[in-house]
Amino acid sequence: MESRGYIPTMLSGKGILFLVVICLVFQWSCTVKRPLVKAGSEVRTDAVQAPVAQLNKTDVDFQSEFGKVFKHKVDDLVYPELIRRFYEKENYQPVLISRFLSDHSIEGFLGYLSQAGKHGLNPELFGLMAIQKQYDEYLEQGSVSGKEGYRNSMELELSVASALIKYSSVLQYGLADPAQICPHYSTLTLRPDSAAISHILEVQSLRKYLDSIQPKNRQYLALQRALNAEARTAMKSKEEVCMALVVNLERLRWKNQPSGQTLVRVNIAGFNLDVLNQGKSTVQMKVCVGEKGEKETPQLNSMIYSVQVNPVWNIPQSIARNETTKNAAEDRYYLANNNINVYKKGKLIGDPESIDWSMADPDEYSFKQQPGEQNALGRIKFLFKNESSVYLHDTPVQSPFKKEMRAISHGCVRVEKPLELVLALFGQNEKYEQIKRAMSSGYPKAKFIGLPKPVPIWITYFTAWADQNGLIHLYKDVYQLDPLVYRTLL
């Protein structure tokens with residue numbers, strides 16, 4: 001990692017004002033509040049338990065009464081149709097209250113909600129105060145039978161069911177759907193399906209289940225500790241640090257990290273690449289990523305399956321139109337000097353210098369830069385399938401790696417130490433030696449070499465990350481994605 005300690009995020013005055021306002025409104029996320037109920041504890045043991053209404057009365061039309069309660073609460077429920085079907089299957093009975101009232105598990109659940117701020121989440125996302133009030137009133141009412149008792153039970157039942165589903169889903173999958181809020185996001189990200197949601201309402205031990213869904217990975221716990229310690233830096237306000245930690249806790253809840261013993265992880269915001277072996281970083285290097293805007297490097301996951309040594313660069317049409325042909329119009333020998341072949345309808349043009357590039361239509365031509373020292377892809381590129389046609393590659397220009405701001409490419413990721421990455425992917429073997437010789441050849445020839453086994457790659461975006469020593473690094477929000485995520489948590 002190139003950074004030491006916290007790296008300040010550069011923000012405009014308008015951006016800082018926005019952060020201050022929303023962080024003041026949302027300041028619970030940076031403060032460890034005293035919970036209404038301690039999570040997992042048995043409290044109010046001296047309270048008079050209100051038994052579930054006597055629901056065997058023949059004068060109660062459960063389906064009709066449930067319909068009235070459901071219609072009244074439907075706008076406040078998550079997955080309302082799934083909840084409706086669940087209670088239809090359960091003959092419209094308040095099964096959660098029956099299951100969890102006697103051992104005070106509902107109170108324990110309210111305790112977990114009250115401590116949601118430790119995850120950077122507002123307890124009111126789950127309707128804590130309203131449920132607490134309903135629960136208190138339910139206990140005070142004592143035993144009520146008939147329609148009134150049933151309605152009281154189902155009002156609380158539906159509130160608890162919805163909150164339990166939402167809390168469980170958020171902790172396991174995140175609150176936001178990143179594909180809906182993040183431009184250039186094509187990472188395979190799991191979301192809860194109907195089977196997973198239904199399972200939540202079937203749990204028999206609520207405390208055990210709630211403990212099981214708390215995120216426990218090292219990275220999450222490190223950011224969580226920083227958040228609850230109200231970490232700050234000399235160059236960033238408390239509100240800015242708070243937002244960075246809250247947003248990146250949410251990103252860690254998204255189920256988008258590929259599995260595998262070996263993993264290549266690129267952090268766009270950190271301008272760095274790590275090769276992970278069983279979760280530990282064994283290789284680190286700097287990278288350059290795409291410029292902000294249409295050239296942004298996409299977030300994605302895929303499998304690196306091959307490398308091309310001494311690659312041919314098929315120049316994208318947008319680059320050919322905006323750069324290559326303009327340079328050729330200014331310098332007659334630009335194409336020859338940069339070893340760029342020109343094709344028209346698939347046929348090689350022998351004398352591209354004879355074309356007046358100031359008048360020519362670039363869309364009628366294709367351009368390929370041949371292998372060599374001047375090739376924009378350097379001596380090697382690493383290939384993986386993706387919709388954006390991006391890849392990792394070497395570069396003949398090393399000076400950008402000395403800069404702090406490295407969002408300079410057209411979208412692909414330039415790597416600082418390509419041979420070290422080759423070694424990490426192939427191991428010390430004959431293929432590695434073959435690649436090493438080919439990269440240093442004075443007479444380069446393009447050659448594809450497949451990996452012994454495809455390796456997952458995860459191109460992601462974290463503006464707060466804990467290193468292996470637990471030190472939190474804050475990175476510039478170069479694509480301004482943090483506010484997009486943060487707004488979904490309000």
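Since we're looking at a predicted model, the values are computed, not measured.
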Check your understanding: Rounded to the nearest 0.5 Å, how far apart are SG of Cys182 and CD of Gln299?
Key -> 5.5 Å

Review point. Within a strict 4.5 Å, meaning less than it, do heavy atoms of the Ile380 and His393 side chains meet?
Key: no

Exercise for review: Check the side chains of Tyr112 and Asp211 for a donor-acceptor pair under 3.5 angstrom, ignoring hydrogens and angles.
Suggested key: yes

Point to revise | Donor-acceptor pair, side chain of Asn469 and main chain of Leu471, under 3.5 angstrom | key: no

Point to revise | Polar side chain donor-acceptor pair, Glu294 to His410, under 3.5 angstrom | key: no

Practice item. For Tyr461 and Asp477, test the side chains for any donor-to-acceptor distance below 3.5 angstrom and give the result as yes or no. Key: yes

Exercise for review: Please name the pair of heavy atoms, one in Asn256 and one in Asn301, separated by the smallest distance, quoted to 0.1 Å.
Suggested key: O-ND2, 3.0 Å

**Study point:** Smallest separation among heavy atoms of Leu377 and Pro311, with atom names
**Key:** CB-CG, 3.7 Å

Practice item. Indicate yes or no: at least one non-hydrogen side-chain atom of Phe401 is less than 4.5 angstrom from one of Cys288. Key: yes

Check your understanding: Under a 4.5 Å cut-off applied to non-hydrogen side-chain atoms, are Val247 and Leu249 in contact?
Key -> no

Exercise for review: State, yes or no, whether a side-chain contact exists between Leu419 and Met439 at a heavy-atom distance under 4.5 Å.
Suggested key: yes

Exercise for review: Evaluate the side-chain proximity of Asp363 to Gln317: yes if any heavy-atom separation is below 4.5 Å, no if none is.
Suggested key: yes

Review point. For the residue pair Phe126 and Tyr167, is the inter-centroid distance of their aromatic rings smaller than 6.0 Å?
Key: yes

Point to revise | Over 12 non-hydrogen atoms of neighbours within 6.0 angstrom of NZ in Lys345 | key: no

Revision key, fill the gap. CZ (Arg85) and OH (Tyr79) are apart, to the nearest 0.5 Å, by 12.0 Å

Review point. Does Thr187 offer a backbone N or O that forms a donor-acceptor pair with the side chain of Thr189 under 3.5 Å?
Key: yes

Exercise for review: Answer with yes or no whether the side chains of Tyr220 and His119 bring together a donor and an acceptor at under 3.5 Å.
Suggested key: yes

Practice item. Look at the side chain of Asp177 and the backbone N and O of Ala179, then say whether any donor-acceptor pair between them is shorter than 3.5 Å. Key: yes

**Study point:** Ala360 versus Pro362, closest heavy-atom pair with distance
**Key:** O-CD, 3.2 Å

Exercise for review: Grab the two heavy atoms, one from Ser114 and one from Leu128, that are nearest each other, plus how far apart they are.
Suggested key: CA-CD2, 3.5 Å

Check your understanding: Do the side chains of Leu489 and Asn122 get nearer than 4.5 Å, heavy atoms only?
Key -> no

Review point. Between Arg406 and Val287, is there a donor-acceptor pair closer than 3.5 Å when you use the side chain of the first and the backbone of the second?
Key: yes

Check your understanding: Between Asp482 and Arg251, does at least one N-O distance fall below 4.0 Å, as a salt bridge requires?
Key -> yes

Practice item. Go through Gln428 and Glu433 one step at a time and tell me if the side-chain hydrogen bond (donor to acceptor under 3.5 Å, both in side chains) criterion holds. Key: CA-CA 8 Å; Gln428 187 78 51; Glu433 295 298 333; 2.9 Å; yes

Review point. Hey, mind stepping through Ile349 and Tyr365 against side chain to side chain contact (heavy atoms under 4.5 Å, CB included) and telling me if it holds?
Key: CA-CA 10 Å; Ile349 296 176; Tyr365 301 89; 3.5 Å; yes

Check your understanding: What distance separates Asn217 CG from Arg253 CZ, expressed to the nearest 0.5 Å?
Key -> 11.5 Å

Review point. So, the side chain of Ser168 versus the backbone of Ile165: is there a donor-acceptor pair under 3.5 Å, distance only?
Key: no

Practice item. Measure from the side-chain N and O atoms of Glu250 to the backbone N and O of Ala176, and report whether any donor-acceptor pair falls under 3.5 Å. Key: yes

Review point. Within a radius of less than 6.0 Å around CD of Glu364, do more than 12 heavy atoms belonging to other residues, nucleotides or ligands occur?
Key: yes

Review point. Which heavy atom in Gly120 sits nearest to a heavy atom in Val246, and how many Å separate them?
Key: O-CG1, 3.5 Å

Check residues 194-203 and write down every donor-acceptor pair under 3.5 Å in which the side-chain atom is one partner and the other belongs to a residue at least two apart or another chain.
residue : atom : partner : partner atom : Å
Ser198  : OG   : Ser194  : O            : 2.9
Glu202  : OE2  : Lys89   : NZ           : 2.9

Review point. Would Gln369 and Gln374 count as having a side-chain donor-acceptor pair, cut-off 3.5 Å?
Key: no

Check your understanding: Going through the checks in order, is the side chain to side chain contact (heavy atoms under 4.5 Å, CB included) test met by Phe382 and Leu421?
Key -> CA-CA 9 Å; Phe382 302 81; Leu421 182 55; 3.8 Å; yes

Review point. Given Trp465 and Tyr475, is the side chain to side chain contact (heavy atoms under 4.5 Å, CB included) satisfied, shown in steps?
Key: CA-CA 8 Å; Trp465 191 262; Tyr475 301 109; 4.2 Å; yes

Practice item. Measure the spacing between CG of Leu113 and NZ of Lys166 and express it to the nearest 0.5 Å. Key: 11.0 Å

Review point. Will you find, in the side chains of Gln115 and Lys118, an N or O donor that is under 3.5 Å from an N or O acceptor?
Key: yes

Practice item. Look up atom CG in Leu223 and atom CD in Gln219, then write down how far apart they are to the nearest 0.5 Å. Key: 5.0 Å

Check your understanding: Rounded to the nearest 0.5 Å, how far does CZ of Phe367 lie from CD1 of Ile340?
Key -> 8.0 Å

Exercise for review: For the pair Lys447 (side chain) and Lys445 (backbone), establish whether a donor and an acceptor sit closer than 3.5 Å, ignoring hydrogens and angles.
Suggested key: no

Check your understanding: Looking at Tyr479, is Lys292 sitting on its ring face, NZ or CZ under 6.0 Å from the six-membered ring centre and within 45 degrees of the normal?
Key -> no

Check your understanding: Can you tell me if Asp351 uses its side chain to pair, donor with acceptor, with the backbone of Glu353 under 3.5 Å?
Key -> no

Practice item. State, yes or no, whether a side-chain contact exists between Ile319 and Trp313 at a heavy-atom distance under 4.5 Å. Key: yes

Exercise for review: Go through the side-chain N and O atoms of Thr463 and Asn248 and say whether any donor and acceptor fall under 3.5 Å apart.
Suggested key: yes

Review point. Is there a donor-acceptor pair closer than 3.5 Å between any side-chain N or O of Asn429 and the backbone N or O of Tyr432?
Key: yes

Check your understanding: Are the side chain of Thr460 and the backbone N or O of Asn267 linked by a donor-acceptor pair below 3.5 Å?
Key -> no

Point to revise | Intermediate values then yes/no, side chain to side chain contact (heavy atoms under 4.5 Å, CB included), Thr262 and Leu276 | key: CA-CA 6 Å; Thr262 302; Leu276 305 178; over 6 Å; no

**Study point:** NZ/NE/NH1/NH2 to OD/OE distance under 4.0 Å, Arg437 and Glu430
**Key:** yes

Check your understanding: Is the closest side-chain heavy-atom distance between Met303 and Lys385 below 4.5 Å?
Key -> no

Point to revise | Nearest heavy-atom neighbours spanning Pro352 and Val342 | key: CB-CG2, 3.7 Å

Check your understanding: Which pairs count as salt bridge (Lys or Arg N to Asp or Glu O under 4.0 Å) when at least one residue sits in residues 372-384, sequence neighbours excluded?
Key -> none

